[in-house]
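When reading the values below, keep in mind they use all heavy atoms of this one structure, side chains included, and skip hydrogens, waters and symmetry mates.
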Amino acid sequence: MTGEAALARVRDICLLLPYGAERLSHGSPGFFIDIGKNGGKFFAYFWHNHHGDGRTAAILKTSGFEEQGMLVEMDPDLYFIPPYLGPSGWVGMRLEGADHDWDRVADRITASWAMVAPRRLLSERRD
């Protein structure tokens with residue numbers, strides 16, 4: 001799968017979440033909750049060959065270092081600790097290659113969204 005195709009899949013997942021929006025952040029697509037206050041909180045980033053690392057990945061929020069470490073230990077071929085955001089508990093999910101469980105990717109993105117969403121949004125559904 002190309003970087004463009006992976007971005008299209010990630011974008012579709014992120015923008016279907018309530019108030020999901022996109023803007024560039026440090027030169028890469030970032031996805032945030034746009035509720036009109038302070039620009040919203042980011043819940044996902046898409047990196048493709050970020051600083052020449054050769055990876056295509058979704059960078060996602062975790063509940064903290066315990067979850068981050070558990071994910072990387074459980075499946076080091078899928079998860080990694082990304083530079084810059086890793087020290088804040090975020091995790092990378094590799095998307096290069098052809099075979100991906102996109103339901104699993106969507107579940108992880110949705111979990112990341114739920115960690116930054118205001119409580120009132122957790123029960124809302126976009127029409």
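A donor-acceptor contact shorter than 3.5 Å is absent between the side chain of S112 and the backbone of A44. A distance-only check finds no donor-acceptor pair linking the side chain of H48 to the backbone of T56 [under 3.5 Å]. For the pair N49 (side chain) and G54 (backbone), a donor-acceptor distance under 3.5 Å is present.
Contact detail for C14 and F43: the closest heavy-atom pair is SG-CE1, 3.7 Å. Taking every heavy atom of both residues into account, A117 and I33 meet most closely at CA-CD1, 3.4 Å.
Taking A5 as the reference, M1, T2 meet the side-chain contact (heavy atoms from CB on, under 4.5 Å) condition, with sequence neighbours excluded. Listed by chain and number, the residues in a ring-ring contact (aromatic ring centres under 6.0 Å, His included) with Y45 are F42, W90 (sequence neighbours excluded). A search for ring-ring contact (aromatic ring centres under 6.0 Å, His included) contacts involving H50 returns W47, Y84, not counting sequence neighbours. Contacts of R108 classified as salt bridge (Lys or Arg N to Asp or Glu O under 4.0 Å), with partners at least two apart in sequence or in another chain: E67. Take R94 and apply the side-chain contact (heavy atoms from CB on, under 4.5 Å) test, not counting sequence neighbours, and it matches R55, F80, E96.
I81 and M74 fall within the same hydrophobic cluster, defined by Ile, Leu, Val, Met, Phe, Trp and Tyr side-chain heavy atoms under 4.5 Å apart, directly or through other members. Linking Ile, Leu, Val, Met, Phe, Trp and Tyr whenever their side-chain heavy atoms come within less than 4.5 Å leaves L15 and M115 in two separate clusters. A continuous path of Ile, Leu, Val, Met, Phe, Trp and Tyr side chains, each step under 4.5 Å between heavy atoms, connects W102 with F31, placing both in one hydrophobic cluster. A chain of hydrophobic side-chain contacts below 4.5 Å, direct or via other Ile, Leu, Val, Met, Phe, Trp or Tyr residues, connects L60 to V72.
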I would like to know whether L71 and L78 meet side chain to side chain contact (heavy atoms under 4.5 Å, CB included); could you show each step before the answer? CA-CA 9 Å; L71 290 168; L78 178 62; over 6 Å; no
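Rounding to the nearest 0.5 angstrom, the gap separating the CE atom in M93 from the CD1 atom in I59 is 11.0 Å. To the nearest 0.5 Å, atoms CG (L85) and CD (Q68) are separated by 10.0 Å. Note that OH of Y19 and CH2 of W113 are 10.0 Å apart. Values are rounded to the nearest 0.5 Å.
Within a 6.0 Å sphere centred on NE2 of H51, heavy atoms belonging to other residues, nucleotides or ligands number more than 12.
Pairs passing the side-chain hydrogen bond (donor to acceptor under 3.5 Å, both in side chains) check and including a residue from residues 71-82, sequence neighbours excluded, read D75-R104.
Taking the centre and axis of the six-membered ring of F46, the NZ or CZ atom of R11 falls outside the cone set by 45° and 6.0 Å.
Counting heavy atoms from C-beta outward, V105 and R9 have side chains that stay 4.5 Å or more apart. Using a 4.5 Å cut-off on side-chain heavy atoms (C-beta onward), L95 and L7 make no contact.
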